[in-house]
Amino acid sequence: MKSNKILYFVFVLALLSVSVINAQNVLRSRSEITFPDVPGFITLKCDLHTHTVFSDGLVWPTVRIEEAWREGLDAIAISDHIEYLPHTNDMIIKHGRSYQLTTNLATSLDILVVPAAEITRKEPPGHWNALFVTNIDALVQTNYFDVVSNGFIQGAFIFWNHPGWKQPDWKSVWYKEQEIVYRRGHLAGIEIVNGNKYDPISHQWAIDKKLTMLGNTDIHSPILMDYDVSGGKHRPMTLVFAKERTLNGIKDALFARRSAVWLENNLYGDEEFLSPLFYRSIQIYTPKPNLRPRGNTLLHIKNSSPISYELVLRKTAKEISLPKKLMLVAGKTVLLEVRNGTNKYSGPTEVILPYNVTNLVTKPGESLPVDIKVTLNFLK
Ligand SMILES: [Zn+2]
Ligand SMILES: [Zn+2]
């Protein structure tokens, strides 16, 4: 009887430990982000502006790594402030220490961590991130231009953070300090998205001045305190189109201006990248491609990307009648009914569905035109 009881307890304990392990497995899981690659480049999901307790953040550096892993990111930058260190009375702060503390976990979780720092000055010139820094102590300088020069000498990728942050109505101002750094060739990028804020003025500057577009969280709290990342929702991020999934790959891509910015259900970037992202994420299947005069058929359009594409008809198609608006839902297949509005055609004919994808933004106020090709067999 006694040994039976012991066996019983061992059995219950074993059951309990299995369920605890299972629960942990579920909690520690990663949601993949399903953007396609673009020709010649891998699409990397990056948040290149985050904080920890080593400046004014509220989390330990390793927490940032696991958050990033769970949310399907490839890379993050730990960019603690250089000049603003409110926790110095409570802990020993050394520049770059937050980055060092992430390396073990980052290796285990295969997250790339960019060593970085946020240069933190009053406006102008404001706040700037220096990525791929090798010696943050060299950026501790009185003169702002010396800070930037010392970053540049280290090969850092330097971008202007949240340009409109301190301006009324977020109307970003290009100051003479910005112009000096830009003319010296030391300013390589600009945040067109910071947190949940999209800045069209900075977007236009990125286009006109050939700066790399970035969109980052600038997260200080645990991610769940500031962002809903459940049920397919996501943090703002920079998509980097890299030759390889390495820090060098990211650096090379950023200097070559190969990026786009994802905020909520919008993607901001050049047509060169948004166009292949769109075409490579949709697949069309036509079960019955035969169209009788006045007849109809259903196109099955699958969107494997994490963005629901919002389409508006650009012009009427001659061959068929199409809906004015169409939503290609992220991760789903939708049906599109096409009608043969003419009896002019016969035989297999390539038909173009001419839409604008209003949430793929190529310039402030301009969206990506797409011509979706399908072959239909018109019957007489
Ligand atoms: Zn800042
Ligand atoms: Zn910041």
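One-based numbering along the sequence shown.
Contact detail for Leu291 and Asn340: the closest heavy-atom pair is O-ND2, 3.5 Å. Heavy-atom minimum distance, Pro61 versus Thr52: CA-CG2, 3.8 Å. Taking each heavy atom of Ser172 and Ser202 in turn, the nearest pair found is OG-OG, 3.8 Å. Contact detail for Met213 and Asp270: the closest heavy-atom pair is CE-OD1, 3.5 Å.
Atom-to-atom distance recorded for His203:NE2 and Tyr198:OH is 5.0 Å, nearest 0.5 angstrom. Interatomic distance, His234 NE2 to Thr217 OG1, rounded to the nearest 0.5 Å: 12.5 Å. The line from CD1 of Ile76 to OG1 of Thr238 is 12.5 Å long, rounded to the nearest 0.5 Å.
Between His51 and His81, the ring-plane angle classifies as parallel under the 30° and 60° cut-offs. Using cut-offs of 30° and 60° on the angle between ring planes, the pair His300 and Tyr285 is perpendicular.
Residue Tyr309 is tested with Tyr355, Phe278, Tyr279 for a ring-ring contact (aromatic ring centres under 6.0 Å, His included); the sole match is Phe278.
Side chains of Trp128 and Tyr144: a donor on one and an acceptor on the other come within 3.5 Å. A donor-acceptor contact closer than 3.5 angstrom links the side chains of His127 and Glu118. With 3.5 Å as the limit, one finds no donor-acceptor pair spanning the side chains of Asn248 and Thr246. Defined by atom type and a distance below 3.5 Å, a donor-acceptor pair is missing between the side-chain atoms of Gln154 and Asn135. Under the 3.5 Å distance criterion, with hydrogens and angles disregarded, a donor-acceptor pair is assigned to the side chains of Glu179 and Trp174. There is no side-chain donor-acceptor pair under 3.5 Å between His95 and Asp137. Side chains of Asn266 and Asn359: no donor on one and acceptor on the other come within 3.5 Å.
Glu366 pairs by the salt bridge (Lys or Arg N to Asp or Glu O under 4.0 Å) definition with nothing, not counting sequence neighbours.
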- Check the pair Asp228, Ser230 against side-chain hydrogen bond (donor to acceptor under 3.5 Å, both in side chains), reporting the backbone distance first and the verdict last. CA-CA 6 Å; Asp228 181 1; Ser230 65; 2.6 Å; yes

- Derivation and outcome, ring pair (Phe, Tyr, Trp, His ring centres under 6.0 Å), residues Phe273 and Phe241: CA-CA 8 Å; Phe273 301 112; Phe241 307 107; 4.7 Å; yes

